[in-house]
Protein chains: 2
Amino acid sequence: MPAEAKPAAKAAQSPIRAAQPVTPPLTERQEARRRRILHASAQLASRGGFDAVQMREVAESSQVALGTLYRYFPSKVHLLVATMQDQLAHMHGTLRKKPPTGDTAAERVAQTLMRAFRALQREPHLADAMVRALTFADRSVSPEVDQVSRLTTVIILDAMGLDDPTPAQLSAVRVIEHTWHSALITWLSGRASIAQVKIDIETVCRLIDLTSTDD
Amino acid sequence: MPAEAKPAAKAAQSPIRAAQPVTPPLTERQEARRRRILHASAQLASRGGFDAVQMREVAESSQVALGTLYRYFPSKVHLLVATMQDQLAHMHGTLRKKPPTGDTAAERVAQTLMRAFRALQREPHLADAMVRALTFADRSVSPEVDQVSRLTTVIILDAMGLDDPTPAQLSAVRVIEHTWHSALITWLSGRASIAQVKIDIETVCRLIDLTSTDD
DNA sequence: ATCAACTCTGAAACTTGTTCTAGATTACCG
DNA sequence: CGGTAATCTAGAACAAGTTTCAGAGTTGAT
């Protein structure tokens, strides 16, 4: 039978939980390759953003043939979205350890997002690569992008301190995510200042207050 | 002296109103070329979205040499953002004729955006090309993207019926724009339904109500 | 240990965005 | 009208993402 299982098996078409299916377990060497690739990707991205992540260079840096790179990540966008998943998971862990301290849910969410924003500011090129990939992704990357979105939702709900959100609250969270992504883009492309992003985040977080009284 | 003036003169660095500088007036033939190019761009985009707009094809369709195309629009993203400016201006005209009828500012804005959304649904591929270009644009396209953003702001303020918005209101409008762009993207990439987009728009529009009482 | 099936490698080829060049054309000034 | 500087054209060339392929390397089953 197979030797090293196909690393990036296409997600089954289960309409629900399409992403992150029961990935055929990778061998150790495959796991190591995958990790080397993601590391090289993040490293190159940190240098020069989206454009600096060149597939040939990623392959070389991670000691993997170009064809192999494409077997693990079927496109540059897939690679960068996976890189984002990686970083986000890391950040989620960090945030868990120091939960925000605000009095209201809105404050805590704004605090959390600003903390994430400050982390991104430390690696603006990396942020550029990840966010550009995320918004440029077409349908073929939907499962992976969705996974990122789910992770973001969890982070926000955590900050709100909710286990069981109402539909209205979920809508508010979605709008917050929209604002978060789009505000990041305006910042990355130099059309909005850091202060502006802060204001936008704080503004949209007020929506949370609306959902406790309404509906 | 010069024959046909440089069509796509770099915007002066005037920090304010950077885009749309006093473009050296185009000759009639140049204006016609520019128009042919934009038309070809929109046409190809309507067929197959972002990927279908291939620079060689645009050049051929519009009867212009590739080098000329690049002189008018220095990149594919520039071209598509200009295409969006064109379409937006058109839509602004249309919207002006039939202003929204809702009772509250929030309702009117939501109505207006949903009207725009329905227009985009009629040409989903074109929408895809324009929106993807807009969010993928890097700093070199900032002036043009900013112009689009300004136009969008005007449309929203028109719907609100405001001449002289407060800073809080401008923040709300920015957040609405963020939500609008990002919601479009999730719809275009098949991660959100039309109904979902509608809900998100209605949700974010509630922010407008907040600005009349608060602050 | 051997085999079959699969994966990885290295290199070339292909695609499409972008740049460059030499020569033909056009616009405007005097 | 003629001159001249800029524009336009056709086509080659280059860059980076993606695909393809033959052969070498692994893996797990027998």
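Residue numbers begin at 1 in each chain, while the letters A, B, ... track the order of the sequences.
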- Message: I want to check one thing: is the phosphate of C:dA27, taken as OP1 and OP2, less than 4.0 Å away from some side-chain N or O of B:Thr27?
- Response: no
Fill in: Derivation of the side chain to side chain donor-acceptor pair (under 3.5 Å) call for A:Glu177 and A:Thr153
CA-CA 8 Å; A:Glu177 284 185 46; A:Thr153 302; 2.4 Å; yes
Rounded to whole Å, the CZ-P distance (A:Phe50 to D:dA16) equals 13 Å
Winner on side-chain proximity to A:Lys76, out of D:dC8, D:dG17, D:dT9, is D:dG17
Here the distance between atom C1' of C:dT7 and atom OH of A:Tyr70, to the nearest Å, is 19 Å
task: Flag the pair A:Arg56 and A:Glu60 as a salt bridge only when some basic side-chain nitrogen lies within less than 4.0 angstrom of an acidic carboxylate oxygen.
output: no
Note to self: Just N and O in the side chain of A:Gln30: are any of them under 4.0 Å from OP1 or OP2 of C:dC8?
What the structure shows: yes
Here the distance between atom C1' of C:dT16 and atom CZ of B:Phe136, to the nearest Å, is 14 Å
- Query: Just checking B:Val53: base, sugar-phosphate only, or nothing, at a heavy-atom cut-off of under 4.0 Å?
  - Reply: sugar-phosphate
How are the rings of A:Phe136 and B:Phe50 set relative to one another: parallel (under 30°), tilted (30 to 60°) or perpendicular (over 60°)?
-> perpendicular
Rounded to whole Å, the CG-C1' distance (B:Leu66 to D:dA13) equals 12 Å
A:Leu44 CG to D:dG17 P, in whole Å, measures 11 Å
>> Need one value for A:Gln63: base, sugar-phosphate or nothing, where a base atom within 4.0 Å counts as base even if backbone is also close, heavy atoms only.
In response: sugar-phosphate
Separation of C:dT19 atom C1' from B:Phe73 atom CZ, nearest Å, is 19 Å
Nearest heavy-atom approach of A:Arg47 to A:His125 is O-CD2, 3.0 Å
**No-H, no-angle donor-acceptor pair, A:Arg33 side chain to C:dT7 base, under 3.5 Å** = no
Taking only Lys NZ, Arg NE, NH1 and NH2, and the carboxylate oxygens of Asp or Glu, determine whether A:Asp86 and A:Arg35 approach each other closer than 4.0 Å.
-> yes
request  = Could you check whether A:Val77 gets within reach of a base, just the sugar-phosphate, or nothing at all, counting any heavy atom under 4.0 Å?
outcome  = nothing
B:Met55 CE to C:dG17 P, in whole Å, measures 7 Å
Looking at the base of D:dT18, is there any donor atom on it, or on the side chain of A:Arg56, that sits under 3.5 Å from an acceptor on the other one?
yes
A:Tyr72 atom OH is separated from D:dT18 atom P, nearest whole Å, by 18 Å
The answer to which of B:Leu69 and A:Asp51 contacts DNA chain D further toward the 5' end, by nearest nucleotide, is B:Leu69
* Compare side-chain N and O positions of B:Arg29 against OP1 and OP2 of D:dC8 and report whether any pair is under 4.0 Å apart. => no
